[in-house]
K.L.:
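Can you keep this structure in mind? I'll have questions shortly.
Quick note: residue numbers are just sequence positions, from 1.
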Amino acid sequence: MRKPNQIAVDRALLLYVLALAEPHGLLSDVKLQQLCFLCELQTFGKGFKGFHFEFFRFAYGAFSKDLDNDLTSLRRKERVENFTLSDQAKEEVLPLLQKGIEGVEPNEKIKEIIDAVVATYGPQDTGAITTSVESVELSTPQQPEFKIPIRDIVFHTTLLVPHRIEVQAEFTLSPAILAKLNAAMGY
């Protein structure tokens with residue numbers, strides 16, 4: 001279960017991913033889910049934790065109910081319309097997030113990973129990015145040498161459980177920035 005500070009980080013990073021993806025054209029729920037899954041997977045692969053979304057196998061790749069709920073909540077708070085950030089999100093949330101990233105090495109590294117993932121997969125259409133996700137091979141801690149592509153995993157199987165993954169460092173924000181971010185996001 002995500003803690004309140006993790007939810008705030010997830011929502012702020014979600015807004016950041018939306019801002020990065022916007023220039024690449026049409027975004028959909030499926031494409032956003034796949035982008036965030038790949039961002040999370042890449043950060044874990046490099047020993048970091050940015051997002052805290054649990055993902056499970058869905059008909060179109062990976063799906064996170066937490067991500068879906070956060071997007072819905074940001075829409076209700078009028079920080080996102082469809083997949084476009086509101087002026088308030090662009091002018092208040094993103095600068096606060098940037099301030100929380102600057103000078104904090106793990107945050108800077110996580111930002112770099114997210115930037116690279118969105119630059120690589122953002123231009124792809126939903127079908128191509130879903131194919132990319134379904135090609136990802138996962139293993140379990142019990143059998144790390146046994147890898148299985150996501151496309152071969154049974155639907156509704158849990159793919160990613162962040163609180164069970166050990167990392168070197170996590171994306172963190174000071175209490176002052178967290179409070180300002182929550183206020184800027186309407187929470």
K.L.:
Within the structure provided, determine whether Q6 and E170 are in side-chain contact (heavy-atom separation under 4.5 Å).
P.N.:
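SC-SC contact between Q6 and E170 confirmed.
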K.L.:
Please check: side-chain N/O of R57 versus main-chain N/O of I150, any donor-acceptor pairing under 3.5 Å?
P.N.:
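Yes; at least one donor-acceptor contact below 3.5 Å.
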K.L.:
Please examine the side chains of R79 and Q88, heavy atoms only from C-beta on, and report whether any two atoms are closer than 4.5 Å.
P.N.:
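When only atoms from C-beta onward are counted, R79 and Q88 do touch, with a gap below 4.5 Å.
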K.L.:
Of all heavy-atom pairs between G61 and V133, which one has the smallest distance, and what is that distance?
P.N.:
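That closest heavy-atom pairing would be CA-CG1, 4.3 Å.
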K.L.:
Please list, chain by chain and in numerical order, all residues satisfying salt bridge (Lys or Arg N to Asp or Glu O under 4.0 Å) with R2, sequence neighbours excluded.
P.N.:
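Only D10, D66, D70 meet the salt bridge (Lys or Arg N to Asp or Glu O under 4.0 Å) criterion with R2.
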K.L.:
Y187: which residues meet the side chain to side chain contact (heavy atoms under 4.5 Å, CB included) condition with it, sequence neighbours left out?
P.N.:
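Scan of Y187 (side chain to side chain contact (heavy atoms under 4.5 Å, CB included), adjacent residues dropped) gives R11, S73, L74, K77, N182, M185.
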K.L.:
Does K109, at its NZ atom, have more than 12 non-hydrogen atoms belonging to other residues, nucleotides or ligands within less than 6.0 Å?
P.N.:
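Counting neighbours around NZ of K109, 12 or fewer heavy atoms of other residues, nucleotides or ligands fall under 6.0 Å, so no.
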K.L.:
Taking the side chain from D125 and the backbone from G127, do they hold a donor-acceptor pair closer than 3.5 Å?
P.N.:
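Yes: the side chain of D125 pairs with the backbone of G127.
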K.L.:
Is there a salt bridge (Lys or Arg N to Asp or Glu O under 4.0 Å) between E137 and R151? Walk through the geometry before answering.
P.N.:
CA-CA 9 Å; E137 293 183 336; R151 71 176 156 272; over 6 Å; no
K.L.:
Taking all non-hydrogen atoms of both residues, which atom of V118 and which atom of C39 are closest, and how far apart?
P.N.:
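What the structure gives for the nearest pair is CG2-SG, 4.3 Å.
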K.L.:
I need the I113 CD1 to E40 CD distance, nearest 0.5 Å.
P.N.:
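Between I113 CD1 and E40 CD, I get 12.0 Å after rounding to 0.5 Å.
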K.L.:
Should Y121 and F83 be regarded as members of a common hydrophobic cluster, given that ILVMFWY residues are connected when their side-chain heavy atoms come within less than 4.5 Å of each other, either directly or indirectly?
P.N.:
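Linked, Y121 and F83 end up in one cluster.
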K.L.:
Would you say the rings of F55 and F63 are close, in the sense that their centroids are separated by under 6.0 Å?
P.N.:
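Between F63 and F55, the centre distance exceeds or equals 6.0 Å.
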K.L.:
Measure the spacing between NZ of K147 and CG of D152 and express it to the nearest 0.5 Å.
P.N.:
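Interatomic distance, K147 NZ to D152 CG, rounded to 0.5 Å: 14.5 Å.
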K.L.:
Are V136 and V17 connected into the same hydrophobic cluster when the rule is that any two of I, L, V, M, F, W, Y join if their side-chain heavy atoms are below 4.5 Å apart?
P.N.:
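Yes: a chain of side-chain contacts under 4.5 Å links V17 to V136.
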K.L.:
Between L13 and L97, is any pair of side-chain heavy atoms under 4.5 Å apart?
P.N.:
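Counting from C-beta outward, L13 and L97 do come under 4.5 Å.
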K.L.:
Salt bridge (Lys or Arg N to Asp or Glu O under 4.0 Å) with K65: which residues, sequence neighbours excluded?
P.N.:
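For K65, the residues satisfying salt bridge (Lys or Arg N to Asp or Glu O under 4.0 Å) (neighbours in sequence not counted) are D68.
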K.L.:
Within the distance-only criterion (no hydrogens, no angle test), does the side chain of N5 pair as donor or acceptor with the backbone N or O of L178 below 3.5 angstrom?
P.N.:
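No, N5 side chain to L178 backbone: no donor-acceptor pair under 3.5 Å.
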K.L.:
Heavy-atom distance under 4.5 Å between the side chains of F48 and P106, does that happen here?
P.N.:
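F48 reaches P106 side chain to side chain.
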K.L.:
Please work out which of the three classes, parallel, tilted or perpendicular, describes the rings of F53 and F51, given edges at 30° and 60°.
P.N.:
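Parallel: the ring planes of F51 and F53 meet at under 30°.
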K.L.:
List the atom of T172, the atom of N107, and the distance in Å for their closest heavy-atom pair.
P.N.:
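The pair with the smallest heavy-atom distance is O-ND2, 2.7 Å.
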K.L.:
Write down the atom of V9, the atom of G50, and the distance for their closest heavy-atom approach.
P.N.:
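Minimum heavy-atom separation between V9 and G50: CG1-O, 3.9 Å.
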K.L.:
So how far is it from R75 CZ to N82 CG, rounded to the nearest 0.5 Å?
P.N.:
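The CG atom of N82 is 5.5 Å from CZ of R75, to the nearest 0.5 Å.
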K.L.:
Output a table of donor-acceptor pairs, distance under 3.5 Å, between side-chain atoms of residues 18-38 and any protein atom two or more places apart or on a different chain; print 'none' if there are none.
P.N.:
from, atom 1, to, atom 2, distance (Å)
S28, OG, K31, N, 3.1
S28, OG, T126, OG1, 3.3
K31, NZ, G122, O, 2.5
K31, NZ, Q124, O, 2.6
Q33, OE1, S64, N, 2.7
Q33, NE2, S64, O, 3.2
Q34, OE1, A62, N, 3.0
Q34, NE2, V30, O, 3.2
Q34, NE2, Y60, O, 3.0
Q34, NE2, A62, O, 2.9

K.L.:
My understanding is that only residues two or more places apart in sequence, or in another chain, count here; which of them pass salt bridge (Lys or Arg N to Asp or Glu O under 4.0 Å) with K180?
P.N.:
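Not a single residue meets the salt bridge (Lys or Arg N to Asp or Glu O under 4.0 Å) criterion with K180.
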K.L.:
Could you tell me the separation between the CG atom of L96 and the CG atom of L15, rounded to the nearest 0.5 Å?
P.N.:
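So the gap between those two atoms works out to 11.5 Å.
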K.L.:
Do V80 and I7 belong to the same hydrophobic cluster, where Ile, Leu, Val, Met, Phe, Trp and Tyr are linked whenever their side-chain heavy atoms lie under 4.5 Å apart, directly or via other members?
P.N.:
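No, no single cluster joins them.
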K.L.:
Do the side chains of I110 and K46 get nearer than 4.5 Å, heavy atoms only?
P.N.:
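In short, these two side chains do not touch, never coming nearer than 4.5 Å.
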K.L.:
Does E108 use its side chain to pair, donor to acceptor, with the backbone of G103 at less than 3.5 Å?
P.N.:
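Between the backbone of G103 and the side chain of E108 there is a qualifying donor-acceptor contact (under 3.5 Å).
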K.L.:
Less than 3.5 Å apart, which donor and acceptor atoms pair up between the side chains of residues 155-163 and the rest of the protein, not counting sequence neighbours?
P.N.:
from, atom 1, to, atom 2, distance (Å)
T157, OG1, V154, O, 2.7

K.L.:
Assigning hydrophobic clusters by single linkage (Ile, Leu, Val, Met, Phe, Trp, Tyr; side-chain heavy-atom cutoff under 4.5 Å), is V167 placed with I114?
P.N.:
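V167 clusters together with I114.
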K.L.:
Specify the closest pair of heavy atoms between I177 and G100, including all atoms of both residues, with the distance to one decimal.
P.N.:
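I177 and G100 have their closest heavy atoms at CD1-CA, 3.7 Å.
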K.L.:
Taking everything shown except K90 itself, do over 12 heavy atoms lie less than 6.0 Å from its NZ?
P.N.:
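Buried by this count: over 12 neighbours within 6.0 Å.
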K.L.:
Side chains of V117 and T43, heavy atoms from C-beta outward: is any pair under 4.5 Å?
P.N.:
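No - every pair of side-chain heavy atoms lies 4.5 Å or more apart.
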